[in-house]
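Atoms considered below: every heavy atom in the structure, side chains included; atoms not considered: hydrogens, waters and symmetry mates. Residue numbers begin at 1 in each chain, while the letters A, B, ... track the order of the sequences.
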2 protein chains.
Amino acid sequence: MKKDLTPSETQLPRYRWLADIIRDTIDRGLLTDNQALPPERELAEHYEVSRDTVRKALRYMEERGIIYSDHGRGTFVSPTIVRGTTRFIDSFSQDTGNRGGVPGQRIISIENIGASMAIATLLNIESGTPLVRVRRVRLIDDVPVGVHDAHLVLPRGSRLTRSQIERSGSLYKLLTAQYGFDPAEAVENLCAGAADADDAQWLDVPVATPLLICERITLSDRRQPIEYCLMKYVSSYRYRTRIARHSDGTR
Amino acid sequence: MKKDLTPSETQLPRYRWLADIIRDTIDRGLLTDNQALPPERELAEHYEVSRDTVRKALRYMEERGIIYSDHGRGTFVSPTIVRGTTRFIDSFSQDTGNRGGVPGQRIISIENIGASMAIATLLNIESGTPLVRVRRVRLIDDVPVGVHDAHLVLPRGSRLTRSQIERSGSLYKLLTAQYGFDPAEAVENLCAGAADADDAQWLDVPVATPLLICERITLSDRRQPIEYCLMKYVSSYRYRTRIARHSDGTR
DNA sequence: TAGTGGTCTAGACCACTCG
DNA sequence: GAGTGGTCTAGACCACTAG
């Protein structure tokens with residue numbers, strides 16, 4: 001168990017080490033919805049870290065929707081409905097797994113293309129720049145739930161093969177490991193749409209069926225656009241998210 | 001200008017005061033996309049605060065997608081595409097204003113009802129608990145773009161009138177000011193759907209038109225559910241969001 | 001190697017909540 | 001008033017980036 005390792009053994013900063021311990025405690029059900037954590041000063045003493053480090057661990061968890069703090073009252077475990085709503089960049093495989101489904105994919109095509117004007121504008125690159133386009137049907141428990149159409153900016157000469165993607169569960173993990181693809185942030189735009197003939201075929205629904213359309217632009221650590229992805233989902237697919245702030249900036 | 005006020009005059013914590021100054025600098029175009037901010041130590045000296053306070057201001061802004069920091073390189077202004085994608089709980093009026101539209105509403109009905117079993121389960125209350133149900137058509141520049149169906153848990157005896165809501169631009173602002181309604185966090189679930197006869201009438205679209213469906217549960221500071229809201233939007237409406245994390249927890 | 005952000009500490013005081 | 005989280009400080013050292 002993580003608990004038995006010292007922070008230096010885990011190679012993690014102390015606040016991450018502490019966050020993992022607390023997270024574990026919650027995941028094991030020893031602390032449940034809206035129950036209070038020990039006070040910060042107590043945690044600091046018990047784990048032999050400064051109070052500031054405790055606070056860093058708590059803020060780290062709060063950002064992820066695991067706990068929340070109330071001034072003057074204490075720090076509490078977030079209700080189940082909130083925990084686990086944090087969105088990550090490689091969300092599909094992740095989310096699906098978290099919800100108890102088996103994520104899958106069927107590759108429609110992999111092409112080396114030049115950026116169209118529309119895509120070039122979105123990605124802030126020259127039109128005609130070489131891109132890799134990957135189209136996939138996404139499955140949950142072998143049922144098609146969505147189509148992904150990704151346009152990737154990869155280093156010159158990168159070659160992506162069907163079998164590579166198929167072997168690796170997650171396209172992102174593959175790209176990160178093999179091609180230095182390093183997503184830091186993404187912007188998403190969601191709206192309603194209707195299935196066209198292609199969508200209908202791949203998703204096995206009638207033409208004009210309502211679909212959830214999600215456009216994503218992914219940025220590298222230097223905030224250069226490295227991917228444009230158009231995703232369309234059938235109505236049974238749920239996109240979950242969490243909002244933690246009021247517009248007055250409070251909390 | 002805020003710049004000329006001392007932190008104590010603004011009644012804000014120093015880190016918020018500093019964040020506002022930097023934000024202002026960016027908004028005025030003195031610092032633009034991917035440009036570097038001064039180093040933390042320099043900001044600390046210049047504004048006569050500790051480096052830790054500077055860091056707190058920077059983290060506050062980073063959470064909101066205004067800037068980003070890279071270890072060893074510096075801190076930079078987020079590209080325009082990213083800035084302003086932060087979602088807030090009272091998003092409709094806010095977002096619409098930010099995008100240059102004029103937000104509006106047409107109230108369909110205000111009812112005092114008892115919680116149905118479905119709603120009661122979602123809100124974690126007894127079925128039959130008194131709720132206020134507010135149905136509204138949301139407008140942008142006087143064009144209907146969505147319908148909101150809110151079920152509110154308000155203190156006993158609260159009375160909500162049409163004219164009150166109409167006078168106040170934002171329902172949330174009214175509830176907060178008048179009824180101690182204090183949203184701290186919200187969970188949203190998005191999916192695709194089709195317009196039913198009612199939707200079609202209010203949104204002025206054919207029945208079965210694809211709609212973006214967004215269900216929201218709003219929680220109080222004590223993380224008690226205080227609202228369930230079902231929102232449906234026509235396909236021209238864009239729901240924008242930002243994802244800042246990779247699933248390995250890095251950054 | 002110089003410069004940057006990231007982690008960590010120990011201590012002080014403020015602001016809020018609740019009995 | 002006692003206990004909690006929130007802000008702030010001054011200083012140290014580590015980790016990463018780039019010329």
Side-chain angles (χ1 to χ4, degrees), chain A residues 6-20 22 34-63 66-78 180 182 184 220-224 245 249-251, chain B residues 6-8 10-20 22 34-63 67-78 180 182 184 220-224 245 249-251:
Chain A
T6 63
S8 43
E9 283 170 325
T10 62
Q11 299 278 62
L12 284 173
R14 292 171 103 86
Y15 78 92
R16 289 282 302 274
W17 164 80
L18 179 53
D20 284 351
I22 299 174
N34 295 306
Q35 277 193 353
L37 272 64
E40 296 177 352
R41 289 163 178 83
E42 205 171 294
L43 288 169
E45 194 183 5
H46 186 263
Y47 291 102
E48 299 179 294
V49 295
S50 73
R51 187 179 156 213
D52 233 48
T53 298
V54 170
R55 283 183 60 75
K56 231 168 163 182
L58 298 181
R59 292 301 73 75
Y60 179 83
M61 298 173 74
E62 190 170 35
E63 278 170 24
I66 302 168
I67 61 172
Y68 61 96
S69 292
D70 265 14
H71 194 174
R73 287 211 312 137
T75 301
F76 308 87
V77 177
S78 289
D182 181 23
S220 68
D221 56 348
R222 303 290 177 94
R223 268 53 177 184
Q224 294 306 308
R245 267 178 297 276
T250 307
R251 44 194 122 249
Chain B
T6 64
S8 44
T10 62
Q11 299 277 63
L12 284 174
R14 293 170 103 85
Y15 78 94
R16 290 283 303 272
W17 164 80
L18 179 53
D20 284 352
I22 299 174
N34 295 306
Q35 277 193 354
L37 272 64
E40 296 177 351
R41 289 162 177 86
E42 206 170 294
L43 288 168
E45 194 182 6
H46 186 261
Y47 291 103
E48 300 179 294
V49 295
S50 73
R51 188 179 154 213
D52 233 48
T53 299
V54 170
R55 283 182 60 74
K56 230 167 164 183
L58 298 182
R59 292 300 74 76
Y60 179 81
M61 297 173 75
E62 190 171 36
E63 278 170 25
I67 60 172
Y68 62 96
S69 292
D70 264 15
H71 193 173
R73 287 210 313 137
T75 300
F76 308 87
V77 177
S78 289
D182 181 25
S220 69
D221 56 347
R222 303 291 177 94
R223 268 53 177 184
Q224 293 306 310
R245 267 178 297 275
T250 306
R251 34 191 129 252

Exercise. Hey, which of these two, A:Arg73 or B:Arg55, hits DNA chain C nearer its 5' end, going by closest nucleotide?
Worked result: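 This one resolves to B:Arg55.
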For this session: Would you kindly compare B:Gly72 and A:Thr53 by the position of their nearest DNA chain C nucleotide and give the one closer to the 5′ end?
Result: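 That would be B:Gly72.
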Can you confirm whether [X] sits close enough to [Y] that some side-chain heavy atom of one is under 4.5 Å from a side-chain heavy atom of the other?
{"X": "B:Glu63", "Y": "A:Arg245", "result": "yes"}
{"X": "A:Thr75", "Y": "A:Asp70", "result": "no"}
{"X": "A:Leu58", "Y": "A:Leu18", "result": "no"}

Exercise. Near DNA chain D, which residues from residues 34-43 of chain B have a heavy atom under 4.0 Å away?
Worked result: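 Close to the strand are B:Arg41.
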Exercise. Hey, which of these two, B:Arg51 or B:Glu48, hits DNA chain D nearer its 5' end, going by closest nucleotide?
Worked result: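 This one resolves to B:Glu48.
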Exercise. If a stem is a run of at least 3 consecutive Watson-Crick or G-U pairs, both distances under 3.5 Å, which stems include DNA chain D?
Worked result: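 Paired runs of 3+ in DNA chain D: C:1-18 with D:1-18.
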Could you work out, with side chain to side chain contact (heavy atoms under 4.5 Å, CB included) as the rule, every residue matching [X], not counting sequence neighbours?
{"X": "B:Arg59", "answer": "B:Glu40, B:Arg55, B:Glu62, B:Ser69"}
{"X": "B:Asp52", "answer": "A:Asp52, B:Ser50"}
{"X": "A:Pro38", "answer": "A:Glu42, A:Leu43"}

Problem set entry | Closest non-hydrogen atom pair between B:Tyr15 and B:Thr53, with its separation |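 Distance-wise, the nearest heavy atoms are CB-O, 3.7 Å.
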Problem set entry | chain A footprint on DNA chain D, 5' to 3' - any atom under 4.0 Å from a heavy atom |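 The contact span of chain A on DNA chain D goes from D:dG3 to D:dA18.
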Exercise. Roughly how far, to the nearest 0.5 Å, is CG of A:Asn34 from CZ of A:Phe76?
Worked result: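 The distance works out to 8.0 Å.
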Problem set entry | B:Arg223 to A:Tyr68 six-membered ring, cation-pi geometry met (6.0 Å, 45°) |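 The answer is yes; both the distance and angle limits are met.
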Problem set entry | Stepwise side chain to side chain contact (heavy atoms under 4.5 Å, CB included) check, A:Arg14 with A:Lys56 | CA-CA 9 Å; A:Arg14 292 171 103 86; A:Lys56 231 168 163 182; over 6 Å; no
